[in-house]
Each structure stands twice: as structure tokens, then as C-alpha cells.
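Read the structure below first, then the notes.
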Amino acid sequence: MSGPLVTLVTPSLNQAAYLEETIRSVLEQDYSNLEYAVVDGGSTDGSVDIVRRYADRLAWWTSGQDRGQAAALNTAFARARGEIFGWLSSDDVLRPGAVSRVVDELERDRDTLLVYGGAVFVDAQGRELFPLEPRPFDVEAMVRTCQNHVVQPGSLFRRRAFELAGPFAEAGYYFFDFEFVLRLAQLAPGTVRSIDATLATYRVHAESKSAGAPLAKARDYVRLADDFLAGSGLPGAEAGRRSAYLAAGEYFYEALELGLARRYLLRGLRPSRRALGLLAKSFLPRAVVARGKALARG
């Protein structure tokens with residue numbers, strides 16, 4: 001018996017340096033009943049040539065301008081035939097056997113809708129940095145801290161989960177997957193679980209969401225607080241909004257948007273030495289702040 005059809009999607013934009021390793025990590029999985037698609041957002045760095053080399057092993061692929069990662073995934077999953085869904089960003093890599101391991105867990109308990117494990121952070125060259133352990137799925141702790149305990153690379157979820165809690169919020173940049181799992185927890189409590197397994201590598205580099213784009217992240221923290229958490233009814237939502245504002249203030253400061261940094265640090269302010277320090281520095285002239293940040297970076 002081959003097991004349920006799994007649809008995996010790789011959304012990509014100008015990630016040619018890492019894309020081939022990502023594709024191969026999926027195609028070399030030992031799980032045979034796998035539908036794999038690559039959705040390219042109109043790359044200009046040679047990514048499309050890489051995808052074409054593997055086209056005969058893909059279920060389908062596209063390349064063209066889209067409305068961002070969440071929109072690309074919504075379009076792909078609307079086309080998917082699988083009973084189980086997942087995605088792998090174009091700079092991450094699946095460990096051997098990852099898909100089989102997660103499908104086994106989903107098949108073990110038909111009421112479980114989403115399973116996630118751990119990952120290992122790696123640098124641009126693929127050198128291991130430190131592990132990302134799978135923390136227990138604690139909704140209130142996640143909301144209060146605005147931290148997603150679900151390690152996305154390697155996680156899989158049933159089509160039914162996407163039908164319940166999807167589609168992804170296309171206005172989202174950083175938090176659309178976080179919102180998805182929180183909606184799923186509200187609509188189907190007790191259906192998300194973690195396993196003690198390292199399923200993927202999670203690459204951190206200058207162009208990655210984890211390491212770059214402070215302005216985009218700041219705006220998404222504000223959107224999370226105002227458009228998702230407000231009125232959500234989630235436990236810890238008001239504390240979560242304050243956490244989101246504080247994080248937004250930090251990222252606005254990083255982006256040298258000092259007026260916005262002040263606004264959101266004040267909105268989320270709690271007795272915090274770091275927040276008070278950033279708030280004080282945000283009143284300095286922009287050039288002084290930029291010079292100080294440059295000196296701190298060495």
C-alpha cells in the first residue's frame with residue numbers, strides 16, 4: 001500500500017543559490033506517493049533554468065509574477081490533488097525520510113490534522129548553527145509571545161485542515177502560517193501535535209525572512225496585532241498584541257523608521273530595559289542612530 005497522496009509545494013523567488021538543493025531533497029524522499037510542484041514568482045536569477053532541469057519529475061510548475069508567498073500557496077493548494085499538504089521554502093531542505101515519518105504519525109491517528117517536528121538552523125553555506133527544537137503546541141503561550149511553536153519546514157497537514165482554517169492570509173508576510181495554525185486550534189482543538197524528530201534544515205541568510213526585511217516584518221507584526229489578534233477571542237490575545245507592538249517597534253527601529261518605532265514601543269510598552277533603551281534612542285537624529293548601528297556591527 002502506497003499511503004495517501006502528499007502534495008508538496010515550493011514557492012520561490014530569486015533563490016537560485018539554494019533552489020536545486022531544495023528540489024532534490026523533495027524528489028529524493030523515500031515516500032513514493034508524492035505530488036511535487038514549484039511555484040516561481042518570476043525569478044530573474046536563473047531559477048527557472050533549474051526548475052526546467054527537473055520538470056519531468058514535477059507534477060507541475062509555473063513561473064510568473066504573483067502576489068507573494070501566501071497567495072502563491074493558496075493558488076497551488078487549490079490545484080493540489082493530495083490528501084495531505086505541505087510546503088518547503090526554496091532555501092530549506094528536507095532530511096531523508098521526513099515525509100514518511102510525518103505521514104506515519106498522521107495515519108496513526110486520523111483525528112490529528114497537523115504534525116510538526118524539529119529542524120536545524122544552517123547558514124548560507126549549509127553549515128549547522130543550532131537546533132530548532134519542536135516545542136509543545138501551547139496556544140496561549142504562542143499568542144502571548146507571538147511565537148509560532150510549529151516548525152514549518154517538514155510539517156504536514158491534512159487537506160481537511162486547510163479547508164477548515166485556510167486559505168492563508170494573503171496580506172501576511174511573516175505570520176500567515178502562524179495565523180493558520182491558531183485558526184486551526186480554535187476550530188479543531190487538540191488536532192495539532194509535535195513529534196521528536198528533526199525533519200529539515202532551516203537556512204538563515206541575508207535575504208531570508210528570518211534575517212532580513214525588518215520593515216516588512218514590523219508592518220506584519222502590526223497587522224497581526226490589529227487585524228488578527230484584536231477580537232480573535234484567543235487566550236492571551238491582549239498580551240499578544242502588546243508583544244507584537246513591541247516587536248514591531250524593534251523592527252521599525254532596525255529599519256530606521258524612528259517615528260514608527262516610538263509609536264509602537266509606546267503602544268506595547270512594559271517595564272523592559274531594551275524597550276526603554278530603544279525608545280530613548282529613537283528620539284536621536286536619524287543619522288546618529290544609523291552611525292551608531294554601523295559602529296555596533298563593526
Side-chain angles (χ1 to χ4, degrees), residues 11-15 18 41 66-74 87 89-92 119 121-124 129-130 132 135 141-153 168-183 202-230 232 234 236-237 239-270 272 274-275 277-279 281-282 286 289-290 292-294 296-297:
S12 183
L13 178 63
N14 291 327
Q15 295 288 302
Y18 315 113
D66 56 36
R67 300 185 309 280
Q69 188 180 44
L73 288 170
N74 283 339
W87 80 93
S89 296
S90 51
D91 50 4
D92 298 331
F121 279 112
V122 300
D123 66 13
L129 300 174
F130 53 88
L132 180 58
R135 290 174 287 177
M142 290 162 60
V143 171
R144 283 182 171 277
T145 59
C146 294
Q147 293 181 7
N148 191 357
H149 292 188
V150 175
V151 180
Q152 187 277 311
F168 299 130
E170 296 187 4
Y173 169 76
Y174 196 63
F175 286 112
F176 68 86
D177 55 336
F178 186 38
E179 295 167 36
F180 170 70
V181 298
L182 291 176
R183 284 197 301 271
Y202 198 141
R203 198 183 306 266
V204 179
H205 56 95
E207 290 77 37
S208 67
K209 285 186 178 181
S210 299
L215 188 56
K217 280 193 281 196
R219 289 171 174 160
D220 213 36
Y221 270 107
V222 173
R223 184 194 61 81
L224 178 74
D226 291 347
D227 297 346
F228 180 75
L229 291 178
S232 68
L234 285 162
R241 293 185 74 197
R242 290 195 299 272
S243 294
Y245 290 143
L246 284 173
E250 291 195 27
Y251 282 116
F252 278 129
Y253 178 81
E254 181 70 20
L256 296 177
E257 293 287 348
L258 304 185
L260 290 170
R262 284 194 296 273
R263 177 190 304 175
Y264 288 103
L265 288 168
L266 285 168
R267 288 188 70 174
L269 191 59
R270 289 173 293 186
S272 159
R274 176 171 174 77
L278 289 176
L279 183 61
K281 290 178 182 178
S282 74
R286 183 188 179 98
V289 174
K293 287 166 62 64
R297 287 193 295 267

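We use all heavy atoms of the structure for the numbers below, so side chains are in, but hydrogens, waters and symmetry mates are not.
Atom CG of L182 is separated from atom OG of S232 by 8.0 Å, given to the nearest 0.5 angstrom. Of the inter-residue distances, the one linking Y245 atom OH with L229 atom CG reads 9.0 Å to the nearest 0.5 angstrom. Of the inter-residue distances, the one linking Y251 atom OH with R219 atom CZ reads 15.0 Å to the nearest 0.5 angstrom. If you take CZ on R203 and OG on S89, they are separated by 11.5 Å, rounding to the nearest 0.5 Å. From Y174, atom OH reaches atom CG of N148 across 9.5 Å, with rounding to the nearest 0.5 Å. Between the CZ atom in F175 and the CG atom in L224 there is a gap of 5.5 Å [rounded to 0.5 Å].
Applying the side chain to side chain donor-acceptor pair (under 3.5 Å) rule to Q147 yields the partners R135; only residues at least two apart in sequence or on another chain are considered. Under the rule for a side chain to side chain donor-acceptor pair (under 3.5 Å), the partners of E179 that lie at least two apart in sequence or sit in another chain are R223. Listed by chain and residue number, nothing satisfies the side chain to side chain donor-acceptor pair (under 3.5 Å) test with D177 (two or more places apart in sequence, or in another chain). R267 meets the salt bridge (Lys or Arg N to Asp or Glu O under 4.0 Å) test with no other residue; sequence neighbours excluded. With sequence neighbours excluded, the residues forming a side-chain contact (heavy atoms from CB on, under 4.5 Å) with D66 are A72, listed by chain and number. In terms of the side chain to side chain donor-acceptor pair (under 3.5 Å) criterion, residue partners of D123 (sequence neighbours excluded) are, by chain and number, R127. Evaluation of the side-chain contact (heavy atoms from CB on, under 4.5 Å) rule for L260 yields F252, E257, R263, Y264 as partners, not counting sequence neighbours. Partners of A141 by side-chain contact (heavy atoms from CB on, under 4.5 Å), not counting sequence neighbours, listed by chain and number: D138, H149. Applying the salt bridge (Lys or Arg N to Asp or Glu O under 4.0 Å) rule to D227 yields no partners; only residues at least two apart in sequence or on another chain are considered.
When side chains are defined from C-beta on, F228 counts as touching R183, because their heavy atoms get closer than 4.5 Å. Within the 4.5 Å cutoff, no side-chain heavy atoms of E254 are placed close to those of L215.
Side-chain N or O atoms of D92 include none that pairs as donor or acceptor with a backbone N or O of P153 at under 3.5 Å. Under a 3.5 Å cut-off, the side chain of S243 and the backbone N or O of R144 do form a donor-acceptor pair. Between the side chain of D91 and the main chain of Y18, no donor-acceptor pair closer than 3.5 Å is present. Side-chain atoms of D220 never come within 3.5 Å of backbone atoms of G172 as a donor-acceptor pair (strictly under, hydrogens ignored).
Aromatic ring pairs are classed by plane angle as parallel below 30°, tilted from 30° to 60° and perpendicular above 60°; the pair F168 and W87 is perpendicular.
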Practice item. Take Q152 and Y202, measure what side-chain contact (heavy atoms from CB on, under 4.5 Å) needs, and give me the verdict at the end. Key: CA-CA 9 Å; Q152 187 277 311; Y202 198 141; 5.7 Å; no
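Across L73 and P11, no two heavy atoms sit closer than the pair CD2-CG, 4.1 Å. Across all their heavy atoms, A169 and A70 have their closest contact at O-CB, 3.6 Å. Among all heavy-atom pairs drawn from S90 and L13, the shortest one is OG-N, 4.4 Å. The two atoms that bring R241 and A225 nearest to each other are NE-O, 3.0 Å, heavy atoms only. Heavy-atom minimum distance, G240 versus C146: O-SG, 3.2 Å. Listed here is the closest heavy atom pair of G249 and A261: O-CB, 3.5 Å.
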